[in-house]
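Quick one: the structure is below, questions incoming.
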Amino acid sequence: MTFWRQAGLNYVQYSNIAARVVRQSLKKELKADAEKRENASIKFKKWVNGKPEGWVAAKI
């Protein structure tokens, strides 16, 4: 069993933590570009009774 599973994390949680640590350790000139990639959002259609109702945006 991998260490992140033993710690009670799933792979997505583990990779998010690792990515955050890498971004925080960058030098100032590279940190600004990396912080832009940290913010993400998704857009999906909400379905009601088998028909699309509209777009929903979620920040992740």
Side-chain angles (χ1 to χ4, degrees):
M1 182 179 277
T2 58
F3 70 92
W4 45 268
R5 284 209 190 253
Q6 291 174 348
L9 300 172
N10 64 33
Y11 182 74
V12 173
Q13 292 168 325
Y14 161 72
S15 63
N16 281 336
I17 292 169
R20 190 176 328 122
V21 169
V22 169
R23 285 188 208 106
Q24 290 173 350
S25 67
L26 292 173
K27 294 181 180 179
K28 286 184 181 181
E29 58 269 6
L30 299 174
K31 193 179 253 189
D33 290 335
E35 286 177 350
K36 292 177 189 174
R37 290 187 291 271
E38 188 170 349
N39 298 324
S41 61
I42 60 172
K43 187 172 153 183
F44 58 93
K45 275 230 187 235
K46 182 177 179 181
W47 289 73
V48 177
N49 296 326
K51 296 183 180 180
E53 191 167 277
W55 289 103
V56 178
K59 194 171 191 178
I60 50 174

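Note that the coordinates shown come from a computational prediction; the quantities given were computed from them, not determined experimentally. One is the number of the first residue; the rest follow in order along the sequence.
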Considering only distance and modelled atom types, tabulate donor-acceptor pairs under 3.5 Å from the side chains of residues 22-33, sequence neighbours left out.
residue: Ser25; atom: OG; partner: Val21; partner atom: O; Å: 3.4
residue: Ser25; atom: OG; partner: Val22; partner atom: O; Å: 2.8
residue: Lys31; atom: NZ; partner: Gln24; partner atom: O; Å: 3.4

> Would you say Lys45 has more than 12 foreign heavy atoms packed within less than 6.0 Å of its NZ?
Replying inline: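 More than 12 within 6.0 Å, yes.
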> With sequence neighbours excluded, what pairs up with Asn49 under the side-chain contact (heavy atoms from CB on, under 4.5 Å) test?
Replying inline: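 Not a single residue meets the side-chain contact (heavy atoms from CB on, under 4.5 Å) criterion with Asn49.
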Atom pairs and distances, side-chain donor-acceptor, residues 5-16, under 3.5 Å, sequence neighbours left out:
residue: Asn10; atom: OD1; partner: Val12; partner atom: N; Å: 3.1
residue: Asn10; atom: OD1; partner: Gln13; partner atom: N; Å: 2.8
residue: Gln13; atom: OE1; partner: Asn10; partner atom: N; Å: 2.9
residue: Ser15; atom: OG; partner: Tyr11; partner atom: O; Å: 3.2
residue: Ser15; atom: OG; partner: Val12; partner atom: O; Å: 3.0
residue: Asn16; atom: ND2; partner: Val12; partner atom: O; Å: 3.3

